[in-house]
Structure formats: structure tokens, C-alpha cells
Amino acid sequence: VDMDTIVLEGATHKKAGPGSVPGVPAPPVKRPKAKKAKKAVVFFEVEILDAKTKDKLCFLDKVRRLHKYWCVCVYPQWYAARQSIRLDPKGKSLKDEDVLQHLPVGTTATFYFRDLGAQISWVTVFLTEYGGPLLLYLMFYFRVPFIYAPKYDFTTSKHWVVHLACMCHSFHYLKRLLETLFVHRFSHGTMPLRNIFKNCTYYWGFAAWMAYYINHPLYTPPTIYGEQQVRIALIIFLFCQVGNFSIHIALRNLRPPGSKTRKIPYPTKNPFTWIFLLVSCPNYTYELGSWFGFTLMTQCLPVAFFTAVGFIQMTVWAKGKHRSYLKEFRDYPPLRSPILPFVL
């Protein structure tokens with residue numbers, strides 16, 4: 001029967017052709033591509049209130065993504081870096097990458113604004129914090145006028161450990177300055193301006209206190225173990241300085257430029273990074289070791305006090321970062337301690 005189709009008992013059958021005869025391949029069947037379902041665009045009505053007074057600051061209509069620059073348009077004095085947007089007046093600040101659709105809010109949302117105060121970049125903060133101790137220590141080392149008695153102005157100490165201590169102290173802060181410029185990548189671009197005065201008081205004050213006694217004309221170098229003690233202390237100091245730098249490089253490589261991604265730090269081929277197996281913040285561990293070596297080298301009470309205060313502060317920071325790692329990463333290595341292996 002010469003026809004294209006045969007209708008039989010309600011079923012339609014195509015005539016015999018290629019593919020129905022053995023040895024003859026069937027032509028490829030073109031199926032229509034499935035259309036992608038379009039995502040529905042959700043718009044929000046956003047009301048922003050002052051976190052303290054609960055006064056309405058602005059109302060935004062047809063918003064898809066809340067951005068801090070919306071507030072800048074209305075209140076230019078509150079640039080983006082000093083703004084904190086929150087779901088609750090006393091809650092945590094929302095991150096810049098948070099999306100409205102992923103937040104526990106309806107299409108009509110209320111947020112709370114808090115002014116963080118004048119801000120300053122972290123690079124400027126670190127350069128100021130570390131540049132001051134470097135210059136202050138050198139002023140005491142060269143014995144500029146009005147520090148010691150006039151007869152000691154621009155004189156040098158007769159003890160070689162004093163010169164060694166100056167080189168170690170200067171090396172430490174030069175390293176910090178260079179790391180700030182070329183190594184560190186900051187997750188937060190700014191910090192409150194008021195904090196820089198507190199930080200500079202800490203770093204500058206301790207540097208002047210230590211330098212005054214180490215470079216004093218009546219300073220007495222270590223006498224119990226003498227040169228052997230100084231040499232061992234120098235080895236500890238240099239070892240920990242290299243270790244601290246190695247950790248900073250490893251942490252820098254975890255974060256691509258311009259990103260805020262966080263990853264679990266692991267040991268690399270560099271042996272100084274193997275301490276990551278046991279410690280969450282080995283940069284603080286090496287920093288503590290450096291100042292311990294400097295204390296042993298100079299045998300100076302102000303240096304020992306600075307080391308103790310720094311240890312307390314770094315322990316607080318290390319514990320906070322350790323808790324953050326445990327909260328963010330379920331597979332975080334359980335054997336790690338915050339700053340001292342198996343101890344703290």
C-alpha cells in the first residue's frame with residue numbers, strides 16, 4: 001500500500017523506511033530543546049531605621065539587592081565603610097555579599113543602621129603602628145639629646161648585645177612594614193579611626209620603654225650564661241622570624257587577590273608551615289617565640305612584660321579565630337590548638 005501512514009485501531013504507524021530494515025540506520029531524531037524556566041524576579045520594599053533611636057532613615061522601593069550605597073545617596077556623610085546594616089538593632093552586621101532573597105525576611109523588610117564612626121584603612125593602621133616603634137627605638141639607640149644625660153648624646157654602647165638587639169628590633173619592624181605593603185591581604189578594608197590611638201599607644205609606648213633601658217648607659221648585659229645565652233636567643237629569634245614570614249605567605253596564598261574567601265590552612269612544602277598540623281594560628285606562635293628570644297637576649301624586664309602582654313592578647317585573637325574555623329568548617333582538623341600545641 002503506497003501511503004505514508006496506516007491508521008489501525010486508533011494507533012498510528014509510520015511506513016517502513018530506514019531504521020526499520022535490518023542494516024539500515026535510522027536518521028537522528030531532532031528533539032526540541034526544553035525551555036529553561038525563567039526565575040521569578042522578586043522585589044523588596046526595604047525600610048531602614050536607626051539602630052539606637054528607631055527613627056526611619058529611608059525607604060527603598062523595588063529593591064533586588066541591598067547595597068550600602070543606597071544610604072550614601074541619602075546621607076553622604078555616612079560613606080559605605082562606616083555603615084553597619086543589621087537585621088536586629090543589637091545583632092551582627094550583615095556582610096556585603098549577603099543577598100536579600102537568602103535572608104530571613106519577607107518582601108517587606110526592616111533593617112537597622114548603625115554608624116561605625118570614621119574609618120581608616122588597615123594598611124595605614126599597620127604602617128603607623130609599626131613605623132613608630134622602629135623610629136623610636138633608633139632614637140634611643142643613637143642617644144639623641146634630651147633622653148639621657150648630655151654627656152651621652154650621640155654616643156654608642158660598649159656592649160655588643162645592645163647593637164645586636166637594635167638590629168633584631170629594627171629587622172622585626174621592617175619585616176612587618178614590608179609584609180603590610182606586599183604580603184598581607186585584608187578581609188576588611190578599614191577599621192575605626194579611634195582604635196589607631198589605642199594601638200599606637202601600645203606599640204609606641206612599649207618600644208620606647210624597652211629602648212630606654214636596653215640603650216641606657218648603665219645597661220648590664222646577661223651575665224649568668226653570657227654570650228652563650230645571647231647566641232641561643234638570637235637563633236630562637238631568627239628561627240621564629242622566618243617561621244612567622246612563612247605562615248604569612250601561606251595564609252596569603254589561600255586568598256586570591258580581591259576576594260574574601262576563607263579556606264582551611266594546611267601545611268605546605270615549607271617545613272616552617274608544618275606546625276599547622278597542631279596549631280590554628282602559628283603566626284602568633286612564631287611571634288611569641290620571637291619576643292621570647294628577644295627577652296632572653298636582652299634580659300630586660302620591660303621586654304619580658306611586653307612579651308607577656310602580647311601573649312595574652314594573641315591568645316585571645318587565636319581562640320577567636322579557632323572558634324571561627326570550627327564553626328565554619330565541619331571537617332576542621334580536631335587535633336589543632338589555638339596557639340600552643342596541646343596546651344592552649
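Values below: all heavy atoms of this structure, side chains included; hydrogens, waters and symmetry mates excluded. Predicted model only: the values in this text are computed from it and were never measured. Count residues from 1 along the sequence.
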Please output the side-chain donor-acceptor pairs of residues 288-302 that fall under 3.5 Å, not counting sequence neighbours, one pair per line with the distance.
from: S290; atom 1: OG; to: Q241; atom 2: NE2; distance (Å): 2.9
from: S290; atom 1: OG; to: Y286; atom 2: O; distance (Å): 3.1
from: W291; atom 1: NE1; to: E287; atom 2: OE2; distance (Å): 3.2
from: T295; atom 1: OG1; to: W291; atom 2: O; distance (Å): 2.7
from: T295; atom 1: OG1; to: T307; atom 2: OG1; distance (Å): 3.0
from: T298; atom 1: OG1; to: F294; atom 2: O; distance (Å): 2.9
from: Q299; atom 1: OE1; to: Q229; atom 2: NE2; distance (Å): 3.0

### Message
Looking at N283 and N244, would you say the former's side chain and the latter's main chain have a donor-acceptor pair under 3.5 Å?
### Response
no

### Query
Quick one: are D153 and P145 in side-chain contact, heavy atoms under 4.5 Å?
yes

### Query
Should L238 and V242 be counted in the same cluster of Ile, Leu, Val, Met, Phe, Trp and Tyr side chains packed under 4.5 Å apart?
no

#### Entry: Where G131 and L177 come nearest, the two heavy atoms and their spacing
N-CD2, 3.8 Å

#### Entry: Connected via hydrophobic side-chain network under 4.5 Å: M314 and V316
no

### Task
Would you please test V230 and W160 for side-chain contact (heavy atoms from CB on, under 4.5 Å) and show each step?
CA-CA 10 Å; V230 175; W160 70 280; 3.5 Å; yes

### Task
Check whether any side-chain heavy atom of L164 sits under 4.5 Å from a side-chain heavy atom of M167, and report yes or no.
yes

### Query
Would you say K319 has more than 12 foreign heavy atoms packed within less than 6.0 Å of its NZ?
no

### Query
Going from NZ on K175 to OG1 on T180, what distance comes out if it is rounded to the nearest 0.5 angstrom?
9.5 Å

### Task
Answer yes or no: is there a side-chain heavy-atom contact under 4.5 Å between R262 and R255?
yes

### Task
Would you give the length of the straight line joining atom OG of S324 to atom CZ of F329, rounded to the nearest 0.5 angstrom?
7.5 Å

### Query
Would I275 and I235 show up in the same hydrophobic cluster when neighbours are defined by side-chain heavy atoms closer than 4.5 Å?
no

### Query
Hey, does the side chain of H216 reach the backbone of L218 with a donor-acceptor pair shorter than 3.5 angstrom?
yes

### Task
Any chance you could measure H184, atom NE2, to F126, atom CZ, to the nearest 0.5 Å?
6.0 Å

### Task
Could you tell me whether the side chain of N215 reaches within less than 4.5 Å of the side chain of Y137, counting heavy atoms only?
yes

### Message
Is the shortest side-chain heavy-atom distance between L127 and V123 below 4.5 Å?
### Response
yes

### Task
Determine, using the 4.5 Å side-chain heavy-atom cutoff (strictly less than), whether L181 and Y173 are members of one ILVMFWY cluster.
yes

### Query
Is the closest side-chain donor-acceptor distance between H172 and R176 under 3.5 Å?
yes

### Message
Quick one, F311 with L340, criterion side-chain contact (heavy atoms from CB on, under 4.5 Å). Give me CA distance, side-chain angles, the key distance, then yes/no.
### Response
CA-CA 11 Å; F311 172 59; L340 296 179; 4.0 Å; yes

### Query
Are V183 and L178 close enough, and set up right, to give a side-chain contact (heavy atoms from CB on, under 4.5 Å), and what steps lead you there?
CA-CA 7 Å; V183 177; L178 293 175; over 6 Å; no

### Query
W274 and T268: which non-hydrogen atoms are nearest, and at how many Å?
NE1-O, 3.0 Å

### Query
Are the side chains of S157 and R143 in touch, meaning some heavy atoms are under 4.5 Å apart?
yes

### Query
Would you find a donor on one side and an acceptor on the other, under 3.5 Å apart, between the side chain of T273 and the backbone of N270?
yes

### Task
Could you tell me which non-hydrogen atom of L344 sits nearest to which non-hydrogen atom of S337, and how far apart they are?
O-CB, 3.6 Å

### Task
Output the distance between atom OG1 (T156) and atom CZ (F142), rounded to the nearest 0.5 Å.
10.0 Å

### Query
Ignoring hydrogens and geometry, is there a side-chain-to-backbone donor-acceptor pair from R336 to F276 under 3.5 Å?
yes

### Task
Mind checking the CD1-CD1 spacing from I48 to I85? Nearest 0.5 Å is all I need.
5.0 Å

### Task
State the CZ-CG distance between R114 and D50, to the nearest 0.5 angstrom.
8.0 Å

Could you pull out every donor-acceptor pair under 3.5 Å between side chains of residues 196-214 and any protein atom, sequence neighbours left out?
from: N199; atom 1: ND2; to: E129; atom 2: OE2; distance (Å): 2.6
from: T201; atom 1: OG1; to: F197; atom 2: O; distance (Å): 2.7
from: W204; atom 1: NE1; to: T128; atom 2: O; distance (Å): 3.1

### Close side-chain approach of P333 to Y266, heavy-atom, < 4.5 Å
yes

### Task
Assign the ring pair H159 / Y219 to parallel, tilted or perpendicular, where the plane angle (0 to 90°) is split at 30° and 60°.
perpendicular

#### Entry: Flag if over 12 foreign heavy atoms under 6.0 Å of NZ, K54
yes

### Query
Of all heavy-atom pairs between Y325 and K263, which one has the smallest distance, and what is that distance?
CE2-O, 4.2 Å

### Query
Do the side chain of R86 and the main chain of Y112 share a donor and acceptor less than 3.5 angstrom apart?
no

### Summary
For V279 and T285, the nearest pair of non-hydrogen atoms, with its separation, is CG1-OG1, 3.5 Å

### Query
Should F342 and L277 be regarded as members of a common hydrophobic cluster, given that ILVMFWY residues are connected when their side-chain heavy atoms come within less than 4.5 Å of each other, either directly or indirectly?
yes

### Query
Can you find a pair of side-chain heavy atoms, one from F272 and one from I247, that are under 4.5 Å apart?
no

### Query
For the ring pair H163 and Y141, is the centre-to-centre distance below 6.0 Å?
yes

### Task
Verify the distance criterion only: is there a donor paired with an acceptor across the side chains of S280 and Y332 at less than 3.5 Å?
yes

### Query
Does Q119 use its side chain to pair, donor to acceptor, with the backbone of G117 at less than 3.5 Å?
yes

